[in-house]
Amino acid sequence: MYEAGKEELEAVARLLSTQKLFRYQGPGVATECQSFEQELASFMGQDFGLLMTSGTNALVASMIAAGIGPGDEVVIPTYTFFATAAAVVTVGAIPIIVNVDESLSLCPKELAEALTDRTKAVIPVHMDGRPCDMKSIKELCLKNNLVLIEDVAQAIGGHYQGQRLGSIGDFGCYSFNQDKIISAGEGGALVCRDALAYKRAQNAHDACCVFGATLRETFDKDSVFVGGSMRVSELTGAILRVQLQRLDGIINQLRSHQAQLEKSLGRAGFALASKNCKQGDCGTSIMVRFSNPEEALAQSKRWTELGLRSLPISIRPAHAVWQWVHLLREEKFLNAKLNPYQWSSRKPRELYHPLNFHPSVERLMSTIKLSVPYSPEELEKQLAILST
Ligand SMILES: Cc1ncc(COP(=O)(O)O)c(C=O)c1O
């Protein structure tokens, strides 16, 4: 969380005084959750928004709403938090993991080569606030009739060629956990344009909404099925309404700090990873490239000792394929009947052979992520360190 203050406190206090913390309060009553959903959808230029417990569940609900399930293949990149892969497996589908390109996001060329007649969806991930090559990815999805689900957990507020991230595909999925650009401690949301997909996502997120008085009338035979529970309380909605109002301000400040740091790094001769849309970058991070992993590690150690927030991708906890692929490769499912590979002819040992990911491993291991500071004082300190 970058910023929170008296506005969030007041919103929570106001809400508590009503003693109504459930997200449904009867037909026609605009609750905090519902208002946030409308505000988020409008911010993103979409028709519908749905607030829920996590970014992972936003991906799950999107896939359920799109009818994705056992036997289907869903393409994801090698560089993402494990949740993206876990969400695919949760709906019984198979993650097809594609290398990242020089921009450290899903490589469109490799995506084209990975498609089979079982591919149903693609999940590009805008990691570290950096937009993917959405033009190429969207073209491929349209040509092959694939569902496009953007994982925007780390990039809310960014854009690709003027279009808000999350509004380019069929679904945009956001996370509001503690580490995200705006946050309520935990939380997630999806946005979409299609009314039926929205109703199905509502049902996936709350098995009971088709029974309750608030929404019962809005459902029909195409949108009623057995759902789950991913509901949040009004507290989440109230906090996020305030956070959403802060979003553009937060991004502007981060972008300005990022530009100053990038300039300084450029002067010092450091190489930065290429960007698919420089103007749309959220400004949260700077990806510095080195010629090999040893150089990246040594520089990261120097920077950390000097006081920069420097993290080599090689030691990020669960964000790169080599940190999580073993769970898929070894078919780690507590109940064997829930193992999705039983519905597929693809064998995890071949699908996830380490050699497949070699281009990503080399690129990512030779990269350092520098977190851009939000506070101007911290920025000054970091600029001073880089200029010595
Ligand atoms: C890229 C990415 N996708 C998905 C998620 C999942 O979000 P959540 O933690 O809200 O489930 C995260 C969270 O860190 C993430 O970074």
Side-chain angles (χ1 to χ4, degrees), residues 52-100 106 110-111 114-125 127 146-147 149-151 153-154 171 173 175 177 186-188 190 200-201 203-207 225-231 316-358 360-361 364:
M52 59 190 90
T53 45
S54 69
T56 310
N57 277 337
L59 292 167
V60 170
S62 299
M63 282 184 273
I64 293 175
I68 292 162
D72 295 337
E73 294 178 1
V74 178
V75 179
I76 65 169
T78 46
Y79 183 42
T80 183
F81 182 55
F82 178 57
T84 318
V88 175
V89 170
T90 300
V91 299
I94 303 290
I96 303 297
I97 308 167
V98 159
N99 282 304
V100 292
L106 187 73
E110 291 212 19
L111 164 62
L115 302 180
T116 71
D117 56 1
R118 291 166 300 250
T119 315
K120 286 285 157 48
V122 180
I123 310 184
V125 184
M127 282 293 277
L146 304 173
V147 181
I149 302 170
E150 295 175 75
D151 182 335
Q154 300 194 9
F171 298 90
C173 298
S175 164
N177 78 27
E186 291 286 4
L190 64 81
R200 287 180 172 167
N203 205 349
H205 124 285
D206 179 10
F225 55 92
V226 180
S229 176
M230 309 175 186
R231 282 193 319 266
R316 282 192 88 173
H319 295 78
V321 66
W322 62 85
Q323 290 151 344
W324 45 256
V325 77
H326 62 281
L327 291 172
L328 304 175
R329 197 166 143 78
E330 292 162 20
E331 298 180 57
K332 293 274 186 199
F333 300 97
L334 216 48
N335 182 325
K337 289 184 186 148
L338 291 174
N339 179 343
Y341 298 95
Q342 70 187 300
W343 310 108
S344 168
S345 57
R346 310 293 292 265
K347 294 285 154 269
R349 298 233 146 233
E350 292 150 27
L351 210 49
Y352 308 129
H353 194 285
L355 281 176
N356 299 350
F357 309 127
H358 193 255
S360 299
V361 174
L364 293 164

Item checked: Student check: side-chain heavy atoms of Arg231 and His205 closer than 4.5 Å -> yes
Checklist line | Heavy-atom pair with the smallest gap, counting every atom of Ala58 and Cys173 | finding: O-SG, 3.5 Å
Note to self: Is the ring pair Tyr352/Phe357 parallel, tilted or perpendicular, if the boundaries are 30 and 60 degrees?
What the structure shows: parallel
Next item on the list: State which residues pass salt bridge (Lys or Arg N to Asp or Glu O under 4.0 Å) with Arg329; sequence neighbours excluded, sorted by chain then number.
Entry: none
Check: For Thr116 and Glu73, does a side-chain donor sit closer than 3.5 Å to a side-chain acceptor?
Finding: yes
Notebook entry, point to check: At their closest point, which heavy atom of Ala65 faces which heavy atom of Arg200, and how far apart are they?
Noted result: O-CD, 3.7 Å
Check: Do the side-chain N and O atoms of Tyr79 and Arg316 include a donor-acceptor pair separated by under 3.5 angstrom?
Finding: yes
Next item on the list: Please identify each residue that fulfils salt bridge (Lys or Arg N to Asp or Glu O under 4.0 Å) with Glu330, with sequence neighbours left out.
Entry: Lys332
Margin query: Between Asn99 and Glu110, is there a side-chain donor-acceptor contact under 3.5 Å, judged purely by atom types and distance?
Written below: yes
Margin query: Looking at Ser54 and Gly188, would you say the former's side chain and the latter's main chain have a donor-acceptor pair under 3.5 Å?
Written below: no
Next item on the list: Mind checking the CD1-CG spacing from Ile123 to Leu106? Nearest 0.5 Å is all I need.
Entry: 10.5 Å
Checklist line | Those residues that, when tested against Ala86, pass side-chain contact (heavy atoms from CB on, under 4.5 Å) (two or more places apart) | finding: Phe82
Check: Any side-chain heavy atom of Val98 within less than 4.5 Å of one from Ile76?
Finding: no
Next item on the list: Starting at CE of Met63, measure out to CZ of Phe171 and round the result to the nearest 0.5 Å.
Entry: 10.0 Å
Notebook entry, point to check: Judged by atom type as modelled, is there a donor-acceptor pair below 3.5 Å linking the side chain of Asp72 to the main-chain atoms of Gly69?
Noted result: yes
Next item on the list: Apply the test side chain to side chain contact (heavy atoms under 4.5 Å, CB included) to residues Thr56 and Phe81: give CA-CA distance (whole Å), side-chain angles for both, the deciding distance (0.1 Å), then the verdict.
Entry: CA-CA 10 Å; Thr56 310; Phe81 182 55; 5.6 Å; no
Note to self: side chain to side chain contact (heavy atoms under 4.5 Å, CB included) for Arg346 and Ile96? Distances and angles first, verdict last.
What the structure shows: CA-CA 10 Å; Arg346 310 293 292 265; Ile96 303 297; 4.1 Å; yes
Check: Between atom CZ of Arg118 and atom CD1 of Ile94, what is the distance when rounded to the nearest 0.5 Å?
Finding: 9.5 Å
Notebook entry, point to check: Between Leu59 and Ala83, what is the shortest heavy-atom contact and its length?
Noted result: CD1-O, 4.4 Å
Next item on the list: May I ask you to test the Leu115-Leu146 pair for a side-chain heavy-atom distance under 4.5 Å?
Entry: yes
Notebook entry, point to check: Could you give the distance from NE2 (His319) to OG1 (Thr84), rounded to the nearest 0.5 Å?
Noted result: 9.0 Å
Checklist line | Note, Leu328 side chain near Tyr341 side chain (heavy atom, < 4.5 Å) | finding: yes
Checklist line | Least distance between heavy atoms, Pro124 atom then Ile149 atom | finding: CD-O, 3.2 Å
Checklist line | Minimum heavy-atom distance Ala85-Pro95, with the two atoms named | finding: O-CG, 4.0 Å
Checklist line | Closest heavy-atom pair and its distance - Pro348, Glu331 | finding: CG-OE2, 3.5 Å
Check: Distance from Ser62 atom OG to Ile68 atom CD1, nearest 0.5 Å?
Finding: 8.5 Å
Margin query: Can a donor-acceptor pair be found, under 3.5 Å and without considering hydrogens, that links the side chain of Gln342 to the backbone of Asn339?
Written below: yes
Check: In Å and rounded to the nearest 0.5 Å, what is the CD to CE distance from Gln154 to Met127?
Finding: 4.0 Å
Checklist line | Glu150 vs Val125, side chain to side chain contact (heavy atoms under 4.5 Å, CB included): CA-CA, chis, key distance, verdict | finding: CA-CA 6 Å; Glu150 295 175 75; Val125 184; over 6 Å; no
Notebook entry, point to check: Is the side chain of Asn356 donor-acceptor paired with the backbone N or O of Glu350 at a distance under 3.5 Å, no angle test?
Noted result: yes
